[in-house]
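Below you'll find the structure, written out as structure tokens, and then a few comments.
These values consider heavy atoms only, across backbone and side chains, with no hydrogens, waters or symmetry-generated copies. Sequence lines set the chain letters: A, B, ... in the order given, protein chains first and strands last, and positions in each chain run from 1.
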Amino acid sequence: MKSLPKIYQPQDYELSIYQKWEASGFFNPDKLPGKRKKTFSIVLPPPNVTGQLHLGHASMLSYQDIMIRYHRLKGDKTLWLPGMDHAAIATQNVVEKELKKSGLSRQALGRENFLERVNGFVASSRITIRNQLKKMGSSLDWSRERFTLDESSSVAVQTAFVKMHDDGLIYRGYRIVNWCPRCKSTLADDEVEYRETKAPFYYFKYGPVIIGTARPETKFSDKIIIVHPKDKRYRDLVNQEFEVEWINGKIRAKVMADEAADMAMGTGAMTITPAHSFADFDLAKKYNLEIKEIINADGRLTAVAGEFAGQKAAVVRKAIVDKLAQKGLVDHIDEDYVHNLSVCYRCGTPIEPRPSKQWFVDVNKKIPGRGKSLKRLAIEAVKKNKIKIIPDRFNKIYFQWLDNLRDWCVSRQIWYGHRIPVWYQKTNKKMGFYEKVIPQVYQGKTKTYRLRDHDFKVDDKVAFENSQSGEIFGEGEIIDVKTMTVGQIDLQDKAHGATYQTVEELIQAFKKHHPDKEVARQTPVWIYEYKFKENKEKIYVGIEQPQGEGWVQDEDTLDTWFSSGLWTFLTLGWPDKTRDIKDFHPTSVLETMYDILFFWVARMIIMSTYFMKEIPFKTVYLHAMVKDKQGRKMSKSLGNGIDPLEMIERFGADALRLSMIIGATPGTDMRLYEEKIAGYRNFVNKLWNISRYILTSVKEIKRVVEAPQPATLADGWILSELAKIIKSTGENIEGFKFSLAGEELYEFSWNKLADWYLEIAKLEGGKDEILLYILENLLKLWHPFCPFITEVLWESFESGELLMVQEWPELKIKNSKPVPSRAEGFEIRNFDLLRELITAVRNIRAENKIDARQIIDLTVKAKEQKLIEANKVLIEGLARVKLVEQTSGRPASLPWAELILDIKANPELEKKRAVEIKNLRRYLEIQTKKLSDASFIKKAPAEIVEQEREKLKEAQARLDK
RNA sequence: GGACACAUAGCUCAGUUGGUUAGAGCGUCGCAUUCACAUUGCGAAGGUCCCUGGUUCGAGUCCAGGUGUGUCCACCA
């Protein structure tokens with residue numbers, strides 16, 4: 001045997017142990033030894049490729065590896081499938097930040113070059129993360145590793161999109177969406193966070209009413225005042241129209257009654273801002289109001305804002321208020337108003353709700369042929385107990401979220417991600433129209449004049465585009481082209497649109513749109529006559545680019561959670577029908593932190609019940625968030641984070657794993673701090689030395705698989721304790737009680753085995769078989785929790801086999817003789833009497849400050865004289881006494897025995913006894929009172945009453961002594 | 001506004017279905033080093049189980065109300 005050092009140094013072993021595991025191929029379920037029928041599978045929640053392993057990862061890896069290793073030992077065909085998430089917005093942000101340092105932007109690089117950069121970053125990031133996962137000891141099947149953005153994932157994602165579209169579950173709509181002006185992208189509802197912020201709340205005079213708002217910069221074109229129909233204050237105003245002095249001049253405003261107005265809020269009157277508020281957008285649709293964009297994609301004000309156009313919305317607020325103040329329109333300002341500011345969960349930038357055309361997943365529409373909506377499927381999966389969530393209080397939270405779920409916006413205006421598999425057939429030539437003119441086109445305008453030559457020819461097909469929004473609103477063909485000068489334009493020709501009365505007006509209009517050009521009567525113009533046909537874009541939804549000319553793919557990418565929603569089956573080879581899907585889907589357990597219950601868990605349930613027609617996993621185990629010792633969230637800005645890699649370096653992966661598991665309750669946040677990890681480092685070292693003692697004290701190191709027969713009471717005791725712990729550890733792991741499993745094993749190893757049995761073994765001797773049997777099982781039981789040290793110790797058997805694929809002890813126990821409940825003629829539980837006796841003697845020795853080395857005489861008077869006699873060696877050794885027949889000295893008592901120790905009386909002990917007697921008297925008093933209570937005697941179970949009487953007697957007897 | 005969780009020793013937490021005098025780890029204090037382990041051993045001190053009321057023979061545990069802390073959801077003119 002290799003000699004084992006006194007202290008376990010994890011750094012000396014962990015790397016090579018992991019390599020041995022990996023080289024064995026046993027992480028791969030196909031290569032596991034033996035016949036394995038039952039399967040057990042977990043897909044690893046894919047870490048984002050953005051960065052470093054943090055404690056959240058360490059925590060989930062610990063839980064999952066425990067389950068995986070346990071099931072592998074139990075003989076299941078066990079798969080733990082690794083992967084990583086491309087984390088679209090997050091990753092793009094990281095790379096953009098890097099670019100910014102060298103003064104670059106993604107726009108400057110262009111889509112292709114930028115994506116190349118991202119891919120470079122991701123490639124190196126993946127290597128880092130892979131190594132970090134290995135450092136935790138994770139027994140992941142690397143041969144099956146997947147990435148949410150690898151080629152086959154793309155096929156799966158596109159297939160999924162197309163299928164959903166074909167079923168009518170994905171549609172394109174013009175709606176208000178959450179817009180992050182910094183990420184320049186939409187966000188899903190649950191990607192928005194709320195922060196309580198103090199901001200001034202303004203009350204403005206708006207015609208006959210006073211309106212309150214926190215966002216004056218969105219109110220340029222508000223024309224409708226809403227009041228509650230039952231609001232007496234405004235009853236007379238309803239349906240009236242007013243000329244209102246407003247930010248940029250007069251506005252015609254109308255008062256309408258709608259129950260959307262909250263009488264108790266502010267002044268009870270509000271104006272509608274259709275384009276920049278979710279609620280107002282719905283109202284605008286209800287009353288068919290114009291939806292005018294005031295804030296653009298950059299977060300700047302549009303032309304609607306007049307003099308304020310082009311400025312950042314948030315910056316210009318003050319100036320707008322000042323202007324209103326000058327006009328005397330500010331009623332008052334509430335400076336201490338607290339409201340929930342919505343911000344981007346990725347970058348913290350305030351969200352601008354704005355209207356745009358996006359792709360949505362319809363969660364309420366019934367799926368063709370199934371009669372149920374996606375929402376319904378997801379609710380039923382949990383409601384009908386097909387999926388069990390631990391802890392179960394999250395059921396309620398899950399249902400609540402689904403009940404409130406609105407259609408899911410899945411398109412993102414970022415570059416990194418799965419490109420949306422939609423193609424538009426664009427006519428090569430585009431004719432742009434100023435927004436104001438578009439209605440005239442619909443009304444029959446058939447000619448347009450242009451200051452530059454668009455190079456259109458007769459019969460050219462053109463697309464009609466809204467120059468402001470870029471939206472295609474129709475198509476047509478050129479039927480005539482004329483060249484002339486501005487002065488020659490026939491203003492009477494209705495086909496032009498008849499907007500201008502004089503040539504001067506026309507020239508002014510030209511100048512407004514083309515401020516860079518000189519325009520005069522002699523300026524040449526081109527007049528194009530066209531045929532207009534209202535037409536939406538031609539759309540093709542499919543994986544391959546369609547045949548024909550002019551097809552262009554949608555610029556947008558998909559929400560990163562769209563692809564992660566497919567994770568449980570995508571990773572197993574979907575859309576192909578694979579053996580892996582048959583074997584491992586639905587997966588057994590989904591283990592993750594509760595904070596992505598909605599983002600991810602719910603979406604996987606939606607996607608799997610829809611695509612696979614089965615649940616993605618049977619159990620959801622939600623672990624806690626790891627916080628610092630003060631209960632604060634760990635964060636970079638607070639600098640209170642614990643780096644798991646540093647902890648592994650200092651204390652070992654095993655210690656870190658234990659510290660995250662023991663003392664943690666699912667769903668309830670846990671606090672972690674270095675001292676705790678150090679505590680488990682101490683335990684790991686204890687385990688090392690327990691093993692070291694056994695391995696160095698036995699004559700021959702060999703495997704003892706069958707339970708040996710106990711020779712002494714102590715043997716019987718430890719063997720029965722071991723049998724108990726073998727049973728309960730399995731039960732606890734399968735019942736997801738990981739903390740309890742760890743605690744019990746800890747208690748067994750340290751407080752029972754090391755503190756008692758090993759000390760007894762030294763005294764009684766001849767216990768090689770039992771010690772080796774205990775070690776064999778101890779290593780197996782601990783292996784799921786601390787795989788490294790147990791595997792290192794297992795090597796001492798020199799069996800040439802790995803511990804990770806041994807047989808779980810419980811399987812062996814089932815087939816062997818039960819551990820006797822008696823040993824050496826005594827009931828096993830009598831061993832507790834011996835422990836009690838020894839502790840009592842130690843106690844008295846310590847109180848009387850007797851030198852630990854000094855052997856003192858002890859007389860024990862009890863009915864159990866035989867027990868004392870048979871365990872003489874043990875008592876004398878552990879209590880450091882000599883058992884004698886008669887002596888005079890200090891008496892002490894146990895409930896079942898009287899002890900006399902040969903020591904001199906001392907004042908401290910006298911004091912002690914006085915207190916003890918006082919307590920005993922008090923107890924007797926209480927107990928007597930209890931037993932004289934008639935209702936107690938009448939109603940309490942007879943055995944309880946009897947027990948209480950016994951206790952009274954015992955206490956009386958003790959007092960008498 | 002709605003919902004949920006937590007409150008037990010100085011600190012971090014266990015405490016199953018109500019049932020002996022409420023436990024552990026860390027920390028503190030005392031003693032111990034030829035011993036598998038000082039990353040150790042033996043022992044001790046330390047508690048109004050947040051408050052009030054109720055159910056019960058009996059409540060840390062069940063019920064009602066309250067206080068404090070935290071989280072989620074909704075709203076936000």
How far does the C1' atom of C49(B) sit from the matching atom of G60(B), given to the nearest Å?
5 Å
Flag for Ser749(A)-Trp782(A): side-chain donor and acceptor within less than 3.5 Å:
yes
Base, sugar-phosphate or nothing for Thr665(A)? Non-hydrogen atoms, less than 4.0 Å.
sugar-phosphate
Mind checking Thr839(A) for me? I need base, sugar-phosphate or nothing, with any heavy atom below 4.0 Å counting as a touch.
sugar-phosphate
Answer with base, sugar-phosphate or nothing: what part of the nucleic acid does Ala214(A) contact at a heavy-atom distance below 4.0 Å?
sugar-phosphate
Under a 3.5 Å threshold, yes or no: a donor from one side chain and an acceptor from the other, between Glu191(A) and Asn178(A)?
no
Figure out the NZ/C1' separation between Lys686(A) and G25(B), and round it to whole Å.
15 Å
Using a heavy-atom cut-off of 4.0 Å across all strands, would you classify Tyr337(A) as base, sugar-phosphate, or nothing?
sugar-phosphate
Does Ile211(A) reach a base, just sugar-phosphate, or nothing at all? Heavy atoms under 4.0 Å.
nothing
Can a cation-pi geometry be assigned to Arg657(A) and Tyr680(A), taking NZ or CZ under 6.0 Å from the six-membered ring centre and within 45° of the ring axis?
no
Compute whether any side-chain donor of one residue and acceptor of the other, for Tyr202(A) and Asp334(A), lie under 3.5 angstrom apart.
no
Report which part of the nucleic acid Asp280(A) touches: base, sugar-phosphate, or nothing (heavy-atom distance under 4.0 Å, all strands).
nothing
For Lys6(A), which contact category applies under a 4.0 Å heavy-atom criterion: base, sugar-phosphate, or nothing?
sugar-phosphate
Indicate, with a heavy-atom threshold strictly under 4.0 Å, whether Ala754(A) touches base, sugar-phosphate, or nothing.
base
Determine the interatomic distance between C1' on U56(B) and the same-named atom on C73(B); round to the nearest Å.
38 Å
Just call it for Lys396(A): base, sugar-phosphate, or nothing, with non-hydrogen atoms closer than 4.0 Å on any strand.
sugar-phosphate
